[in-house]
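Everything quoted here is computed from the prediction, not taken from an experiment.
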Amino acid sequence: MSLTSKNPIDNSGHEFIDIIGAREHNLKNISVSLPRNQFIVITGISGSGKSSLAFDTIYAEGQRRYMESFSAYARSFIGNLERPDVDKINGLSPVISIEQKTTSRNPRSTVGTVTEIYDFMRLLFARAGEAFSYLTGERMISQSEDQILDSIISNFSGKKLTLLAPVIKGRKGHYRELFVQIRKQGYTKVRVDGVVQDIVAKMQVDRFKIHDIEIVIDRIVPDKKDRHRIGQSLATALKEGKGVIIALEETGKTHHFSKFLMDPKTGLSYDEPAPNNFSFNSPYGACPVCTGLGVIEEITEESIIPDKKLSISRGGILPLGEYRDIWIFKKVEAILKRYKLTLTTPIKEIPKEVLHILMHGDDVPVAVPSVKYPGTEWNTKFEGIISFLQKLKEESTESVKRWVEDFTVTKICPECHGARLKKESLHFKIDDKNISQLSELNIDALQKWFDGLEKRLNEKQKIIAAEVLKEIRKRIGFLLDVGLDYLHLNRPLRTLSGGEAQRIRLATQIGTQLVGVLYILDEPSIGLHARDNVKLIKALKNLRDLGNSVIVVEHDKEMMLECDYLIDVGPGAGRHGGNIVAEGTPKDFIKNKSTTAKYLSGEIAIKYSKERRKGSGEKLSLLGATGNNLKNVNLELSLGTLTCITGVSGSGKSTLIHETLFPILNKHFFNSRTEPLPFKKMDGLKLIDKVIEVDQSPIGRTPRSNPATYTGVFTDIRDLFAQMPESKIRGYKTGRFSFNVKGGRCETCEGAGLRLIEMEFLPDVHVPCETCKGKRYNRETLEVRFKGKSISDVLDMTVEEAVAFFENQPKILRKIETLNEVGLGYISLGQHATTLSGGEAQRVKLATELSKRDTGKTLYILDEPTTGLHFQDISHLLDVLQKLVDKGNTVLVIEHNMDVIKSADHIIDLGPEGGAGGGRIIAMGTPEEVSKNPASYTGKFLKAEL
């Protein structure tokens, strides 16, 4: 039976995955049949129940059945997984989910380690790399015993030679026991620091100096006739010298020979290379200074003293703050007094050497008058402010460590210059490149380097490398297939967007070449330019053609039209959703009357105004940005407009906005410590009064954080409950209604409503608290009611219900209404932050900012706000953004979505390619102007939209 997508019946005999009676979250008892071995897209408005169907029903059941297959003993460690609320699922294959949330925060996790390309490269360098000396740059050589013997006889024939076996190399000590031991072995002479001496009784050397000690093994005159005798002496010398010998001529000239890798000029030797010598996560390979991170955290004078015009008493030294009558100020005062200075002297007038003592301390005791015993003095050494902070950072509590982190600056490691490895490892090369240089090439360039590498290798290397190169090329190919050609292997995983991390895991999955598996993906097209979308769709189809079923939760128009089967969940969000509105092949689907079908057929489109705003005429300009791959970019932002930054993935959008522009503004308005990437000059800062960045990071990492607490509306709701007559009778204050402090909360779960069950081998699981059943509060607190609802009932309300419920409370209403406006009417006020998607978290932040009184001079920076949004939600979002701009604010959006791009007043397109081929502004102007620019990929797709 063939396993192509044309013939969906596979070896299991099932033609469909049948889901019968799914009721998880807001699903309304739905039944649906998904064809197996097809590429299926599930779409629908945000919150309509797509993820509930794909992840909480199909994936959860697949995972549960996998766990059931473990033995009862193994299951006792893991605990049982909850069965999803569904009557029956037939025809289910093993499931693999590739979500956005699960990216690693570990700085040691890089693109290379996750895709395993780096692991294969380590193997390649360990087996086929050529070693060079880091002292002379000479090629290192290793010889067998016979080769060393031949070399000595042919090169020194007839000359007098002394064979030495090195035992101590460049170390301190008196070595008395060593000399006794050498003498016991029957040797009478040693060479100490270049001088041959007889061993005498009680012989020792200066223990505080560095020494080189060699045993004199034999004196020979090399000759072919004596080959056997010289061979015996050589073997003894190699044994005593652990594989290394030195041949000393009468003139005093030395020659080094080794069975291991050795520099023939200096005698420097390396251990035999193993793969872990090239790993920055292993002590054998990592740079000893930065332990393989490539950067070090340093407390510097600049970070402690930002403003040298201030004096110490006025808070010039940040960690000390302003003058208080405490011990440390007395010490500082005593040191300054020694140099005829006072605490009121401006720091810039304090001499450098005095400042150095204050920062790093010195050994001279400082006398401080005692308060307890007047007339006496305490004499103690001063350890220095930086040294003190460094000690706190290493030994103190978490909160103190966090405080010290405010004064630390991340710098590139001075030893390995960011290469992460020991200098020995960096001097193994293949075709003149070391492993770190290859890790810095983007995937595109790396592929070119590996192409035809065999021609540049010698015969021995070719045989060793053949298999490894096949594996490396295959994996690089997968990364190129999913449009990640602009990344490099050293890029830390935590700096990738959700979509990028997901596509890396997709590439790894394609690499496993499994068959008969059900893959579930969550919006893999996030962060992908329309140009690269084609590659992604092709990669997903490849997975399907291997004989797998692929389910994708997605809002992308291209993806919907290219799939084999399309399912629309809706019609509304939250309680108004949870039904299957339409399903079928894309051709049949478009004939339906569902909202999604109308958008796909072009019956409805997202409206945009043909009139583009000119803005206020004032500009914010950033000149000469050169961070990462930017090529001296000059950015001009017209204030009072909706500006869109576009460009293919990796073209430098995030570098320009998040790592250069935003840190400059953040530093200017809020004294942030994040250093911007290099730039020449910034103009127009006086024209705006604050900057707000709305990104996709979670609003909180624990179930205690929720939309009500994040937007601040919960404080107003608690105040309202504290005003109720019942509260006043019982003496309840606002704190009684907080689930984060003792008093009104349920003490079993400490107000979380959930309990964390730690799993041994799996992610931790949250289960509802058995005492309060997830209500978070104790019985007494829940007896206080407003309009018949307790505080727990209010947290369970959806935003939409809360708008009606609080219609006469203007202060509360304002904040809840903005949540409704950004399309979050379906989430509940108390929904745990951990269950919100990236797009939802971003809209909660956006709503929080919108509910604040704006000044009309604010700059809003949004990063792909359309993540997780259906066509209809994008339409709502654009209304909100246009309202902001109408009030005079400036909105800057980084976006790939054509509906947002065509609605912008001004577009700035970076490119033309990703990585090294990008970093330039290639088109600017209104959408109409950009669409006519032949150099711009964005323009090409925009033309089709307009």
task = Please confirm whether the backbone N or O of Asn933 pairs with a side-chain atom of Ser936, one donor and one acceptor, at under 3.5 Å?
result = no
ask   = Do the charged groups of Lys541 and Glu562 touch, with an N to O distance under 4.0 Å?
value = yes
Exam field: side chain Ser549 to backbone Asn37, donor-acceptor pair closer than 3.5 Å = yes
Trace of the side chain to side chain donor-acceptor pair (under 3.5 Å) decision for Arg503 with Ser525 = CA-CA 8 Å; Arg503 292 199 296 284; Ser525 69; over 6 Å; no
request  = State, yes or no, whether a side-chain contact exists between Ile510 and Asp481 at a heavy-atom distance under 4.5 Å.
outcome  = no
inquiry  = Between Lys429 and Asp432, does any side-chain N to carboxylate O distance fall below 4.0 Å?
reply    = no
query = Just one of Tyr134, Phe278, Phe125 clears the ring pair (Phe, Tyr, Trp, His ring centres under 6.0 Å) bar with Phe428, so which one?
reply = Phe278
ask   = Are Asp909 and Thr938 close enough, and set up right, to give a side chain to side chain donor-acceptor pair (under 3.5 Å), and what steps lead you there?
value = CA-CA 7 Å; Asp909 190 33; Thr938 309; 2.9 Å; yes
ask   = Does Asp485 reach the side chain of Asn442, with side-chain heavy atoms less than 4.5 Å apart?
value = no
request  = Find out whether Leu546 and Gln513 are in side-chain contact, i.e. whether some heavy atom of one side chain is under 4.5 Å from a heavy atom of the other.
outcome  = yes
request  = Report yes or no: does Gln147 contribute a side-chain atom to a donor-acceptor pair with the main-chain N or O of Ser144 at less than 3.5 Å?
outcome  = yes
request  = Kindly check if the number of other-residue, nucleotide or ligand heavy atoms within 6.0 Å of CD1 (Ile412) is above 12?
outcome  = no
key: Qualifying ring-ring contact (aromatic ring centres under 6.0 Å, His included) pairs with a residue from residues 465-490, counting only residues at least two apart or across chains   = none
inquiry  = I'd like to know whether NZ of Lys242 has more than 12 heavy-atom contacts from other residues, nucleotides or ligands below 6.0 angstrom.
reply    = no
message = Between Asn434 and His427, does the side chain to side chain donor-acceptor pair (under 3.5 Å) criterion hold? Intermediate values first, please.
response = CA-CA 7 Å; Asn434 67 30; His427 281 79; over 6 Å; no
task = Give the intermediate values and the outcome of side chain to side chain donor-acceptor pair (under 3.5 Å) for residues Thr410 and Glu297.
result = CA-CA 5 Å; Thr410 306; Glu297 299 271 318; 3.1 Å; yes
inquiry  = Taking salt bridge (Lys or Arg N to Asp or Glu O under 4.0 Å) as the criterion, tell me which of Lys470, Lys462, Arg473 meets it with Glu454.
reply    = Arg473
inquiry  = I'd like to know if Arg920 and Glu913 make a salt bridge, using a cut-off of under 4.0 Å between side-chain N and carboxylate O.
reply    = no
message = side chain to side chain contact (heavy atoms under 4.5 Å, CB included), that's the test. Do Met559 and Ile537 meet it? Break it down for me.
response = CA-CA 7 Å; Met559 191 96 64; Ile537 293 171; 3.9 Å; yes
task = Report yes or no: do Ser93 and Arg36 form a side-chain donor-acceptor pair below 3.5 Å?
result = yes
query = What closest approach, in Å, do Ser425 and Asn277 show between heavy atoms, and which atom pair accounts for it?
reply = OG-O, 2.5 Å
inquiry  = Tell me if a side-chain donor or acceptor on Tyr270 pairs with a main-chain N or O of Phe132 at a distance below 3.5 Å.
reply    = yes
task = Please step through salt bridge (Lys or Arg N to Asp or Glu O under 4.0 Å) for the pair Asp451 and Lys448, ending with a clear verdict.
result = CA-CA 5 Å; Asp451 275 350; Lys448 291 192 180 106; over 6 Å; no
ask   = Can you tell if the side chain of Ser151 reaches within under 4.5 Å of the side chain of His255, non-hydrogen atoms only?
value = no
query = Does a side-chain heavy-atom distance below 4.5 Å link Val468 with Met121?
reply = no
Note, Leu438 side chain near Trp449 side chain (heavy atom, < 4.5 Å) = yes
message = Quick check: do Leu506 and Leu543 have side-chain heavy atoms less than 4.5 Å from each other?
response = yes
message = One pair to check against side chain to side chain contact (heavy atoms under 4.5 Å, CB included): Asn548 and Leu518. What are the steps and the verdict?
response = CA-CA 6 Å; Asn548 298 304; Leu518 170 58; over 6 Å; no
message = Taking Asn106's backbone N and O only, do any of them form a donor-acceptor pair with Ser109's side chain (distance below 3.5 Å, no angle check)?
response = no
request  = On the 0 to 90° scale, with breaks at 30° and 60°, tag the Phe156-Phe257 ring pair as parallel, tilted or perpendicular.
outcome  = perpendicular
task = Return yes if some donor-acceptor pair links the side-chain N/O of Lys631 with the main-chain N/O of Asn629 below 3.5 Å, else return no.
result = yes
query = Can any side-chain N or O of Thr136 pair as donor or acceptor with the backbone N or O of Ser133 at less than 3.5 Å?
reply = no
key: Asn276 and Ser279: side chain donor to acceptor below 3.5 Å   = no
query = What are the two closest heavy atoms between Gly267 and Met262, and how far apart are they?
reply = O-CE, 3.5 Å
key: Verdict with reasoning, Leu149 to Ile152, per side chain to side chain contact (heavy atoms under 4.5 Å, CB included)   = CA-CA 5 Å; Leu149 185 56; Ile152 288 177; 5.5 Å; no
ask   = Run the salt bridge (Lys or Arg N to Asp or Glu O under 4.0 Å) check on Arg227 and Asp150 step by step: do they pass?
value = CA-CA 9 Å; Arg227 185 182 173 95; Asp150 292 340; 2.8 Å; yes
Derivation and outcome, salt bridge (Lys or Arg N to Asp or Glu O under 4.0 Å), residues Asp431 and Arg456 = CA-CA 7 Å; Asp431 189 29; Arg456 309 194 290 273; 2.5 Å; yes
task = Would you check if Asp556 and Leu528 make a side-chain contact, meaning some heavy-atom pair closer than 4.5 Å?
result = no
task = Determine the minimum heavy-atom distance between Gln38 and Asp564, stating which atoms define it.
result = OE1-CB, 3.0 Å
Cation-aromatic face contact Arg544/Phe39, 6.0 Å, 45 degrees = no
inquiry  = With rounding to the nearest 0.5 angstrom, report the OG1 to CD1 distance, Thr115 to Ile476.
reply    = 8.5 Å
task = For Ile504 and Leu487, run side chain to side chain contact (heavy atoms under 4.5 Å, CB included): C-alpha distance rounded to whole Å, both residues' side-chain angles, the deciding distance at 0.1 Å, then the answer.
result = CA-CA 10 Å; Ile504 281 189; Leu487 293 180; 4.0 Å; yes
